[in-house]
Amino acid sequence: MSQTVDRALSILPLLAEGPANLEQVAARLGVHKSTALRLLRTLHEHGIVHRQPDQRYRLGSRIFALAQQAVENLDVREIAHPHLVELNARTGHTVHLAVHEEDEVLYIDKVESRYPVRMYSRIGKPVAITNAAVAKLLLADLPEQERRAVAQRLDYPRYTARSITDAKTFLAELAKVREQGWATDLGGHEESINCVGAPVRGPDGRAVAAMSVSAPNVVVSADELLGLLPLVRRTADAISDEYSGKTPEKERHP
């Protein structure tokens with residue numbers, strides 16, 4: 001039975017490359033055509049594959065529906081939370097997770113620091129969208145036209161002397177973040193708070209969330225916080241792999 005399941009599943013990557021006929025499927029599996037036909041018929045009955053008029057087989061609509069349903073039912077917060085807790089335990093600093101919804105970026109999880117200083121952020125509340133590292137990461141991932149449209153709609157309050165205060169500067173920052181794959185907020189929202197973040201990506205490579213580590217400069221300097229960037233990126237990668245159902249890769253950010 002396990003061999004039958006293995007063979008049936010081996011058909012799917014072949015058909016993902018494009019339609020294939022019975023002979024091609026049998027050759028890929030290394031089995032007789034009668035065996036390949038039985039497997040294809042079973043998959044066809046369940047809508048996993050579809051037989052075309054030219055007698056070639058392709059992936060069926062059912063597999064796409066199942067994939068979409070699985071994605072919709074994924075809870076990035078539930079998946080990310082243990083990783084955020086571990087990062088907090090290793091660094092002692094506040095860790096955030098945020099998502100982009102309409103024209104806002106919202107915190108959906110937060111693990112507080114171990115020291116007495118507490119941050120203003122709250123779960124469910126919008127971030128300072130023109131300065132927060134998580135916001136930069138999520139907006140930087142948007143298609144260029146949408147990114148520009150969002151930038152033009154935003155207000156640019158001057159929270160501190162380091163705040164981004166116009167769309168041109170903001171778009172330049174987003175372009176930089178998009179290229180490098182990480183973001184910072186070094187006193188742009190709160191003078192004494194620094195932050196470094198990385199994106200959480202879904203199966204299609206798009207950012208589904210962003211996470212960050214934040215700390216007041218009375219605890220660690222901006223340079224010391226930036227030294228945690230490899231750890232932050234590895235944590236984001238681990239969340240991305242689990243969210244996407246991938247086997248964890250070797251460390252990408254030493």
Side-chain angles (χ1 to χ4, degrees), residues 73-101 104-129 131-138 140-141 177 180-203 205-254:
N73 289 333
L74 283 175
D75 184 345
V76 68
R77 181 185 181 277
E78 181 179 353
I79 291 170
H81 186 73
H83 297 276
L84 306 183
V85 170
E86 182 181 352
L87 183 59
N88 168 266
R90 293 185 65 176
T91 66
H93 306 316
T94 301
V95 183
H96 290 106
L97 183 73
V99 295
H100 182 209
E101 293 186 359
E104 291 185 323
V105 173
L106 306 171
Y107 291 120
I108 60 170
D109 203 359
K110 177 183 182 181
V111 185
E112 290 278 9
S113 66
R114 295 200 297 265
Y115 35 81
V117 181
R118 290 291 183 265
M119 292 186 59
Y120 170 77
S121 57
R122 296 288 182 272
I123 294 175
K125 297 293 185 181
V127 312
I129 197 167
N131 290 278
V134 289
K136 294 174 184 176
L137 288 160
L138 292 166
D141 194 63
V177 168
Q180 67 189 15
W182 53 275
T184 61
D185 171 15
L186 304 179
H189 180 222
E190 297 179 66
E191 189 77 48
S192 61
I193 302 292
N194 297 311
C195 176
V196 60
V200 174
R201 301 192 182 278
R206 297 293 304 277
V208 296
M211 57 151 296
S212 64
V213 170
S214 303
N217 53 27
V218 296
V219 175
V220 293
S221 68
D223 286 341
E224 289 172 321
L225 192 66
L226 284 169
L228 295 176
L229 178 60
L231 178 58
V232 173
R233 299 184 75 183
R234 287 197 297 271
T235 301
D237 288 342
I239 298 169
S240 300
D241 287 342
E242 187 172 342
Y243 183 84
S244 301
K246 297 178 182 177
T247 301
E249 298 181 21
K250 293 180 179 180
E251 293 186 355
R252 283 163 275 188
H253 310 294

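Both backbone and side-chain heavy atoms feed into the values below; hydrogens, waters and symmetry mates do not. Only a predicted model underlies this, so the values are computations on that prediction, with no experimental measurement involved.
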State, yes or no, whether a side-chain contact exists between [X] and [Y] at a heavy-atom distance under 4.5 Å.
X	Y	result
V76	I108	yes
L228	L225	yes
D109	I123	yes
D185	E190	no
T235	R90	no
M211	V232	yes
I239	L84	yes
W182	L229	yes

For the student: nearest non-hydrogen atoms of [X] and [Y], plus distance:
X	Y	answer
A215	V220	CB-CG2, 3.6 Å
A183	A133	CB-O, 3.6 Å
A207	L138	CB-CD2, 4.2 Å
G92	Y115	O-CE2, 3.4 Å
V105	A98	CG1-CB, 3.9 Å
A209	L97	CB-CD1, 4.0 Å

Within this structure, what is the [atom1]-[atom2] distance for the pair [X] and [Y], rounded to the nearest 0.5 Å?
X	Y	atom1	atom2	result
Y107	R77	OH	CZ	15.0 Å
T184	N194	OG1	CG	8.5 Å
R201	D141	CZ	CG	5.0 Å
H83	D241	NE2	CG	9.0 Å
E242	D237	CD	CG	13.0 Å
H96	C195	NE2	SG	8.0 Å

So, K110 side chain and S121 main chain: donor-acceptor pair closer than 3.5 Å or not?
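Side chain of K110 to backbone of S121, a donor-acceptor pair under 3.5 Å: yes, one is there.
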
N/O donor-acceptor pair under 3.5 Å between R114 side chain and A89 backbone
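Here the side-chain-to-backbone pair exists.
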
CD of E78: more than 12 outside heavy atoms within 6.0 angstrom?
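Not buried by this count: 12 neighbours or fewer within 6.0 Å.
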
